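All ligand and atom numbering here is 1-based and tracks the order in the structure. Predicted model only: the values in this text are computed from it and were never measured.
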Amino acid sequence: MSENRRQIIAANWKMNLTVGQGKKLVNHILEEKDLPCDLVFAPPFTHLSEIKKSITDRDKVFLAAQNCHHESNGAYTGEISTVMLEDMGVQMVIVGHSERRQLFGDTGKWINQKIKACLSRNLQPIFCFGEKLDQREQNQHFETVRKQLNEGLSNLSEAQIQDVIFAYEPVWAIGTGHTATPGQAEEMHQFVRKEISSTSTDQVARSVPILYGGSVKPANASELLHCPNIDGALVGGASLKAKDFLAIVEAVV
Ligand code: 13P
C-alpha cells in the first residue's frame, strides 16, 4: 500500500447473517480500539439502520449498501434509491459487483447510472470490476477491465472520478479460494491506475484507492496488501468471522 493513499478494508457480507449476528460481529470487531485503516461494513439493506447504531461515533468506520437503484424514487418494486440510503446515514455503495452483473443482469450502462446517482448524493461508490476465468485464460483480462472501466466512468468529471473507490475483483477468485497472486493483482492495479489517468489526470489516478477482492484471507492478506498499488481489500467470506476479518485488518501494517 502506498502511504499517502487512503487504506480501506471493506466487509461485503452479501446475503449472510441475521441482524443480531451482524451486530455481534461488528461489536466484536470494534472492540479493537486502534484501527490501522478505514473499515467499511456492507450488510444487507435490512441491517443498515441497526449496524449504523453500532458504528456511530467511531472514527474511520463507514457504512455501505451492497447495491442501489439509479432513480431517486418511482415505480421500481423491490428497489432502494440513493436518496433513501443517504437518508439512513449510509456513506458508500458497492456498485457493479460481479454477482450483480452475472446473476441480476447489471449492465455497464446501469452501473454508470448507479455511480452517477451515488455521486449526485453524498455517497461514495465502491466500483467493482474484473475478468472471468476464460477471459484471463485467453489473455483478455486487460481488455475486459478497460471496457468495464470505460463503461463505469463514462461522462464522469475529474472531480467525480476522484470520489470513486475502485475494487478489482477477478471473478475466478471470488468465493473460490483461488486468490490472484500478488504479482497478478499488482499488475492489474497498475494497469487500472494507468487507465484512470488517461480518463482523468495523473493526479487523480495516483490518489484514488484501488482495493483487491477475491478470496482474501488472513493467510494471503499481508502479501497482497503490501503491493504498492493495492490500497486495501474487499472481503467476502472472511468478513463474516471477527477473528479472520481482524487478522486481515492487522495485515495492513
Ligand atoms: P470472497 O472474499 O468470499 O472471495 O468474496 C469477495 C467478494 O466478492 C467481495 O465483494
Side-chain angles (χ1 to χ4, degrees), residues 7-17 21-22 25-26 29 37-45 47-48 51 62-68 90-106 111 114-115 118 123-133 135-136 141 144-145 148-149 152 164-182 184-185 188-189 192 209-225 227 230-252:
Q7 303 180 354
I8 302 168
I9 304 293
N12 177 8
W13 293 357
K14 308 191 179 184
M15 197 175 73
N16 291 296
L17 306 177
Q21 289 167 335
L25 175 62
V26 170
I29 290 167
C37 63
D38 287 352
L39 297 195
V40 178
F41 292 102
F45 288 127
H47 301 27
L48 287 168
I51 300 302
F62 300 86
L63 185 65
Q66 297 175 16
N67 184 33
C68 65
V90 169
Q91 294 137 311
M92 299 174 182
V93 183
I94 297 174
V95 176
H97 194 281
S98 64
E99 287 149 18
R100 298 283 333 160
R101 293 178 191 259
Q102 286 190 293
L103 305 173
F104 302 101
D106 280 19
I111 290 162
K114 290 179 187 202
I115 290 175
C118 290
L123 294 165
Q124 267 197 294
I126 302 176
F127 170 31
C128 304
F129 49 85
E131 80 285 0
K132 295 184 197 155
L133 182 60
Q135 292 166 326
R136 180 157 282 264
H141 43 297
T144 303
V145 165
Q148 291 172 333
L149 288 172
V164 175
I165 297 167
F166 293 79
Y168 170 54
E169 296 207 310
V171 180
W172 49 272
I174 296 178
T176 58
H178 299 298
T179 323
T181 63
Q184 287 172 320
M188 182 58 87
H189 282 227
V192 170
I210 308 178
L211 316 184
Y212 168 79
S215 296
V216 176
K217 33 191 186 251
N220 58 30
S222 179
E223 254 198 313
L224 286 161
L225 294 172
C227 292
I230 299 182
D231 307 308
L234 182 51
V235 187
S239 74
L240 302 173
K241 292 194 192 113
K243 190 161 163 263
D244 286 356
F245 190 67
L246 279 171
I248 294 170
V249 171
E250 275 150 26
V252 164

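Nearest residue to atom 7 (C) of ligand 1 from His178, Glu169, Gln66, Lys217 is Glu169 (criterion: closest heavy atom). The heavy atom nearest to atom 2 (O) of ligand 1, considering only Ala233, Gly236, Gly214, is found in Gly236.
The aromatic rings of Phe166 and Phe129 stand perpendicular to each other, their planes meeting at an angle above 60°, with 30° marking the opposite boundary. Between Phe245 and Phe41, the two ring planes are tilted [angle within 30° to 60°]. By the 30° and 60° cut-offs, the orientation of the rings of His47 relative to Trp13 is perpendicular.
Ligand 1 has no atom lying under 4.0 Å from any heavy atom of Gly213. Ligand 1 is approached by Ala173 to a heavy-atom distance shorter than 4.0 Å.
Polar contact with ligand 1: absent for Ala238 (N/O pair, distance under 3.5 Å). For ligand 1, the polar-atom distance check against Ser215 finds a nitrogen or oxygen pair separated by under 3.5 Å. Where the criterion is an N or O separation shorter than 3.5 Å, residue side chain and backbone included, Gly237 meets it with respect to ligand 1.
The proximity of Asn12 to ligand 1, defined as any non-hydrogen pair under 4.0 Å, is limited to the side chain.
Between His97 and Gln66, the side chains place no donor N or O within less than 3.5 Å of an acceptor N or O (distance only, hydrogens not considered). Between the side chains of Trp172 and Gln135, not a single donor N or O lies within less than 3.5 Å of an accepting N or O.
Applying the 4.0 Å criterion to heavy atoms of Lys14 picks out, from ligand 1, the atoms 5 (O), 6 (C), 7 (C), 8 (O).
Around CD of Gln184, the count of heavy atoms belonging to other residues, nucleotides or ligands within 6.0 Å exceeds 12.
Looking at Asp106 and Asn67, their side chains come closer than 4.5 Å, going by heavy atoms from C-beta outward.
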